[in-house]
Every structure is written in structure tokens, then in C-alpha cells.
Amino acid sequence: MNKEILLLRSMYENNKVTQRDLVKQTGLALGTVNTVIKNAIDGGLIKKNTGYSLTAEGLKILEPYKVDCAVIMAAGFGSRFVPLSFETPKGLLEVFGEPMVERQIRQLHEAGITDIAIVVGYMKEKFEYLIDKFGVKLIYNPDFGTRNNIGSIEYAYDFLYGKNAYILSSDNWIRENMYHAYEAHAWYSSKYAEGRTSEWTLVTDKKGRITDTYPGGRDCDYMFGPAYFSREFGESFLPVLKKYCSMPGTEDYYWENVLMAMLNGEAKKRINAYFGRIPEIALCDKIEMYINRQPEDNVYEFENLEELRKFDPKYREDSGSKAMQLVAGVFNVPESSVVNIRRLKAGMTNNSWLFTVDGKSYICRIPGEGTEKLINRREEGAVFKAVEPLGITEKVIYFNENNGYKISEFYENSHNADFSNAAELKVCMKKLRKLHESGVKVSHSFDIRKKINFYEGLCGKVMFEDYPEVRKNADALLAWVDKNKLEPVLAHIDPVCDNFIFLPDGNAEAEDGVRLIDWEYSGMCDPLMDLGMCAIYSYMEEAETEQLMEYYFGREATRNEKLLVYAYMALGGLLWSLWGLYKESLGIQFSDYTIKMYRYFKKYCKYVL
């Protein structure tokens, strides 16, 4: 630890500082302060007046420790803040009327740090105004949905390397400005935990140097809030982090995982095993970072909306979220009565979140980006009204036919169907057949030819290389289907396993204990369309598909029935591959889903024709 620089910095910031002040500001013992001051005076670095002031030589000594820049990580979704984060990135949420990221930028400016880069990803466009307002730079992290913050540091590599830099998180709130024009060494800020904590414990030596870190601990200092990379630290750490980013199994890593591996020797072993002996191995031995203990009430990182409500009273009754306002209005309660909020697994079409009002749980569905072009909500509403008497779907509390917002009851201790379980699959097929045989009708249809044409239009020129030939085959297959299809019934179209809910008190072998939910694509069409869709959603091949048919019919399917199911698997594959291309054009990625669907078309189109 460079004690001299800590003292010189304090004198730079306040030339009337006293020895007592220096003890408080630096955390050094009074005896150490007196010794360093004497040596600094003797060396011509400071002079004594009403306090202490730096000489020109003292300023020169400080120069290598000047903070060059700051990186603020703001790429993540912020699942802990749903439903607010469906509308606003977590770093732009206001605390006492000021967005958290703006507060940090302002505090950095107060310390003289104006070269600031924000690593963005989710809702990146929301941060664009900060370029004009504060002169910041934006660094886009395209992997924000698949990698943890290790990816954000990697994308900021060129901005950081060779510089003294603060590393900040956009969702931190700092009460008293803890940033300085000069920093003596690399550090990580910390709090002290009394009792158990799940945070990252910091182990230090007597000088405050971090010697180890690991998740979980008891009665310990733990990582919390900002960090600072000195030039020397960054030049040792960043090349190792870059190597880690190219190694398998590091997608979920925080940058702190790399620090931990360098401190405990694991990084050297892993790099050596994966890359062989390369220069980066030697850097693992040069890592040096110190603890920066902060007062209990200075650094805040809100875990969820509940914590934000306790801190800023505004969020108790007016969070500014349309989704929260909707829920409060539907149930005629203040926002503070909407509790136990958490995000549910993100769907391919919508976002959903769970909440509790008066001890009962509900799900609020928020339509995903681009769905206004894909789904007719009035038709969806008509289906809900048509099937309600059948008692086969969830209980809908609220449905808006204009924007697609939906609130429905949540069934505690229920579970989604497991199609690998033969008994559950059989029950689900009985439920589907009950729908098809119900005689319920709606005025709109699911016309797969029109749907394919529609998605083609949305995709424009973003298309598969061999699409012209594929489309010719699709037209031939559609012509065959037109001659052989069954009479239309109300079909679900999206009978994926996640849309079959087994109630907690239901019998796994009785269809009355199962609900079929989410009717966005539903309409009148050949009932076997549902079997084809069900098969491709579950990535089934012929043997599994024919077992599916047998469960549905209660007998072996006829040749024509089988061919129709395979035809709908092909056409469904083409439809959803186009759907996937369109969603990807909006920046929403679904891994290799699009390719898998396209392969279904090619395989089963050829099979049927």
C-alpha cells in the first residue's frame, strides 16, 4: 500500500487538512501519518502552513496515480427489478429523483473524471441521451444476454488497458462521493457482514492487500460496490481476463471470478492446461489489489424492488411502471400491496412476472418486442371468451385486447408438463382432443399459408440462402395439404409442454387436473396442425411423433393422418424459422432455434412429397 500517495492526495484535495483529518481520511495510524509527513517534508513534497500543501515536486509525484477514466457496466437486464426493468434499464431507475447512473457520472465529474464509458446491452438506446448530456462514450456488449459481466469488461478492454480506471455498476447508489482525482493503488470497496453472508468474502493481509476471495462467509468483509484498476493492475489482469473469455465454461463468470482464480493460483493452472505456456501465465503472479472499506451507509446495491421501496418512499406508491400501475388499478390496491415480485422464465414471445396481492399469487404477462405485428390480441381475447365455459384454461383476471397485457391466477405448487413422461404426455393429448371435439368455434382462422407470406414480408431481404428453392417446395406441400386436410376446428397452435399446467391437487393421469394456457396463435384450422406443432416444439423425430399421434387418437394413426402431421411439422418449421429471423432482426436471439426449425421443413417436406 502506498501510504505516501494517500496522504499527498488528501493534501491535494484540502490544503488545510490536519493530522487528525489525515488519519480519518486515509485509515492510517496517527504514528504512521506523522512519520510519512516528516519524510514528505524532508523530501520537499509538502510544506507546512495552516495545514499542509503540496509543492511542485509533490504534484509531480502524484501524476502517475491520476485517475484517467471510468467504466460503468450497464448491459444487463436487471431481473431483480421486474416489472420496472421491462420498461427501464436498472441503471436509469431513479433514486430520490435522479437516475442512479447519472448520480455516478456527476460524482465522477466532481472528482475531475470526465472520460467515462458506459457498457450497454439491454435497451441500449435508452442510454444514448447521456452522450449529449455528459459527454460519455457507449460501448455495446452484444453478448449481454448470454454472458455475465466478464463480457462487459472484455468489450471495454481497449478503453481500459494502460489506464487508471474506476470499474462501476450502473445500479450502485453512492451517498458520499468516494471518487478521487488520484488513487494510490488498485482496490475493491467492501462492507462488513455480521453473521452469514452470500456475498464474496475478502481475505486480506495486515496491510489490507487482498489475498483471497470466495462466495459466502461469516463475520467478514465482503465485496460491495465500486472497484479501481490501477494501470499496473489492469496490465496484469485484463490479458488474463481476455484469455478466460475464450475458454469454455466461463459464460456465467463475473470478472471477479478471474480475480479469484488469479489470487488462488487456479488461473495459472487453467491457462497452462488450455493454452500451454504463454506470457499471460506470468501475469497471474503480479496481481495486487487492496481492500477499500466503506461505511455501512455509503454504498448501496438494491437487490430488488422491495429494497428500493424501503430506501426511496416514492416507490411504495408510484414506481412509474405502467405494469405496476395496471396491477394496482385492476386489484384496486396501492402499489405497496403488490409484493413478492419476481420474474418468471422469459418466454419466446412475451415477458411475465409473478406477484402477490392479499396473499394470492398472480402472473402478469407483458407482450414482448415486435408482438404487436405478430399477434392479433382481439382474436386472442375472442378465444378466451370462447373456451372459458370448457374449464380447460387458466382463470384470466384481466385481458386488454389493445395491447395484450394479461393478468391470470398463478397455481401454487403446479408444474409444467414433462413430455418425456409418457403418462403426462398422454393426458395432455387427451386435453388437446377435448378442445378439438368441443364444437367451440371462433370467427378467425389460423391460415398457415397466409402466416408464411406475412412473415416473409417482415423478414424482407434477411433470408436463408436457398430460400427461393425452399419456397417452391413449400408451395407444393401447401397444395397437397389443401387436398387432404381435415375439417377445421378450434386449435391451440402452441401446445408446447410449458403451456400444459398440471395442478397441484390433480391426478397426473386425469385431464381434469390439467390446464392449457396461452392462446395467442389459436384459431380455426385442421386439428392435426396442433400435433405437428407439438412435435417440432419438443424436437421430436418419427418414432416419438407417431407415439404422440397414438396418444391423441387412442389408436394407430392412418397413413393420411400421419402424412398430414408430418406436413404440418414441415410447414410449422418453415413458419417459425421465419418468425425467428424476424425476431433476430429486432436484436432478440434464440440460439440455434431458427436453424432447427428450418431443418424440420426440409426433412419432412421431402418426406411427405
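- Taking a 6.0 Å sphere around CG of Asp358, one finds it holds 12 or fewer heavy atoms contributed by other residues, nucleotides or ligands.
- Checking Trp576 against Tyr593 by side-chain atom types alone, no donor-acceptor pair falls below 3.5 Å.
- Salt bridge status for Lys385 with Glu401: present, with a side-chain N to carboxylate O gap under 4.0 Å.
- The neighbour count for Arg218 CZ, taken as heavy atoms of other residues, nucleotides or ligands under 6.0 Å away, is above 12.
- When every heavy atom of Thr545 is checked against every heavy atom of Met540, the shortest pair comes out as OG1-CB, 3.6 Å.
- With hydrogens and angles ignored, the 3.5 Å screen pairs a side-chain donor or acceptor of Thr393 with a backbone N or O of Leu516.
- Between Ala491 and Ser522, the shortest heavy-atom contact is O-OG, 2.6 Å.
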Note to self: Does Ser361 form a side-chain contact (heavy atoms from CB on, under 4.5 Å) with Leu354? I'd like the steps, not just the answer.
What the structure shows: CA-CA 7 Å; Ser361 296; Leu354 183 67; 4.2 Å; yes

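- No hydrogens or angles considered: a donor-acceptor pair under 3.5 Å links the side chains of Glu546 and Tyr566.
- Without hydrogens or angle criteria, Asn141 side chain to Val120 main chain gives no donor-acceptor distance under 3.5 Å.
- Aromatic pair Tyr600/Tyr568: ring centres not closer than 6.0 Å.
- Between Tyr467 and Tyr598, the ring-plane angle classifies as parallel under the 30° and 60° cut-offs.
- Atom CZ of Arg378 sits about 12.5 Å away from atom OG of Ser443, to the nearest 0.5 Å.
- Within the 3.5 Å criterion, the main-chain N or O of Asp418 finds a donor-acceptor partner in the side chain of Glu424.
- When every heavy atom of Leu548 is checked against every heavy atom of Met429, the shortest pair comes out as CD1-SD, 3.4 Å.
- Between Phe419 and Glu544, every side-chain heavy-atom pair lies at or beyond the 4.5 Å cut-off.
- When every heavy atom of Cys364 is checked against every heavy atom of Tyr405, the shortest pair comes out as SG-CD2, 4.4 Å.
- Looking at His492, its side chain never comes within 3.5 Å of a backbone N or O of His436 through a donor-acceptor pair.
- Under a cut-off of 6.0 angstrom, the local environment of CD in Glu550 is crowded, with over 12 non-hydrogen atoms contributed by other residues, nucleotides or ligands.
- Within a 6.0 Å radius of CG in Asp252, no more than 12 heavy atoms belonging to other residues, nucleotides or ligands are found.
- Looking at Trp579 and Tyr582, their side chains never come closer than 4.5 Å, going by heavy atoms from C-beta outward.
- At least one side-chain heavy atom of Asp482 sits less than 4.5 Å from a side-chain heavy atom of Arg449.
- Within a 6.0 Å radius of CD in Glu541, more than 12 heavy atoms belonging to other residues, nucleotides or ligands are found.
- Separation of atoms CG (Asp466) and NZ (Lys472) is listed at 12.0 Å; rounding is to 0.5 Å.
- For the pair Val339/Arg309, a side-chain contact is recorded, criterion being any heavy-atom separation below 4.5 Å from C-beta on.
- Rounding to the nearest 0.5 Å gives a distance of 15.5 Å between CG of Leu432 and OH of Tyr551.
- To the nearest 0.5 Å, atom CG of residue Leu305 and atom CZ of residue Arg342 are 15.0 Å apart.
- Side chain of Arg433 to backbone of Tyr552: a donor-acceptor contact under 3.5 angstrom is found.
- In this structure, Lys602 places its NZ atom where more than 12 heavy-atom neighbours from other residues, nucleotides or ligands lie under 6.0 Å away.
- Under the 4.5 Å side-chain criterion, counting only non-hydrogen atoms from C-beta, Glu307 is not in contact with Phe81.
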Next item on the list: Kindly determine whether Tyr411 and Glu394 satisfy side-chain contact (heavy atoms from CB on, under 4.5 Å), including the steps that lead there.
Entry: CA-CA 9 Å; Tyr411 300 106; Glu394 78 264 48; 4.1 Å; yes

Margin query: Quick one, Arg365 with Glu380, criterion salt bridge (charged side-chain N to carboxylate O under 4.0 Å, His left out). Give me CA distance, side-chain angles, the key distance, then yes/no.
Written below: CA-CA 13 Å; Arg365 182 192 73 187; Glu380 182 187 5; 2.7 Å; yes

Check: Lys562 and Glu556: salt bridge (charged side-chain N to carboxylate O under 4.0 Å, His left out), yes or no, with the steps?
Finding: CA-CA 9 Å; Lys562 289 179 181 180; Glu556 183 180 352; 3.2 Å; yes

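- There is no side-chain donor-acceptor pair under 3.5 Å between His444 and Asn376.
- In terms of modelled atom types and a separation under 3.5 Å, the side chain of Ser408 and the main chain of Lys395 share no donor-acceptor contact.
- Checked by atom type, the side-chain pair Tyr155/Asp143 shows a donor-acceptor distance below 3.5 Å.
- Around the CD atom of Glu465, the shell of radius 6.0 Å holds no more than 12 heavy atoms that belong to other residues, nucleotides or ligands.
- Side-chain N or O atoms of Ser319 include none that pairs as donor or acceptor with a backbone N or O of Tyr315 at under 3.5 Å.
- Between Leu308 atom CG and Arg80 atom CZ the span is 11.0 Å, to the nearest 0.5 Å.
- Ring pair Trp200/Tyr254 is perpendicular by interplanar angle, where above 60° counts as perpendicular and below 30° as parallel.
- To the nearest 0.5 Å, the span separating CG on Leu581 from OH on Tyr455 amounts to 12.0 Å.
- When all heavy atoms of Asn149 and Met73 are compared, the pair lying nearest together is CB-SD, 3.8 Å.
- Environment of NZ in Lys426: sparse, with no more than 12 heavy atoms of neighbouring residues, nucleotides or ligands closer than 6.0 Å.
- At least one donor-acceptor pair under 3.5 Å links the side chain of Thr250 to the backbone N or O of Tyr244.
- When all heavy atoms of Ala323 and Ile366 are compared, the pair lying nearest together is CB-CD1, 3.8 Å.
- Side chain to side chain, Asn499 and Arg515 fail the donor-acceptor criterion of an N or O pair below 3.5 Å.
- Salt bridge status for Glu542 with Lys603: present, with a side-chain N to carboxylate O gap under 4.0 Å.
- Side-chain atoms of Leu435 and Lys431, non-hydrogen and from C-beta on, never get closer than 4.5 Å to each other.
- For the pair Met533/Phe446, a side-chain contact is recorded, criterion being any heavy-atom separation below 4.5 Å from C-beta on.
- Each of Leu563, Asn560, Asp526 was compared with Asn484 under the side chain to side chain contact (heavy atoms under 4.5 Å, CB included) criterion, and only Asn560 meets it.
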Item checked: Worked verdict on Val383 versus Glu379 for side-chain contact (heavy atoms from CB on, under 4.5 Å) -> CA-CA 6 Å; Val383 172; Glu379 291 180 351; 5.8 Å; no

Next item on the list: Show the numbers, then the answer: is there a side-chain contact (heavy atoms from CB on, under 4.5 Å) between Met549 and Glu561?
Entry: CA-CA 9 Å; Met549 296 182 213; Glu561 288 167 342; 5.7 Å; no

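- The shortest side-chain heavy-atom distance between Trp353 and Met324 falls under the 4.5 Å cut-off.
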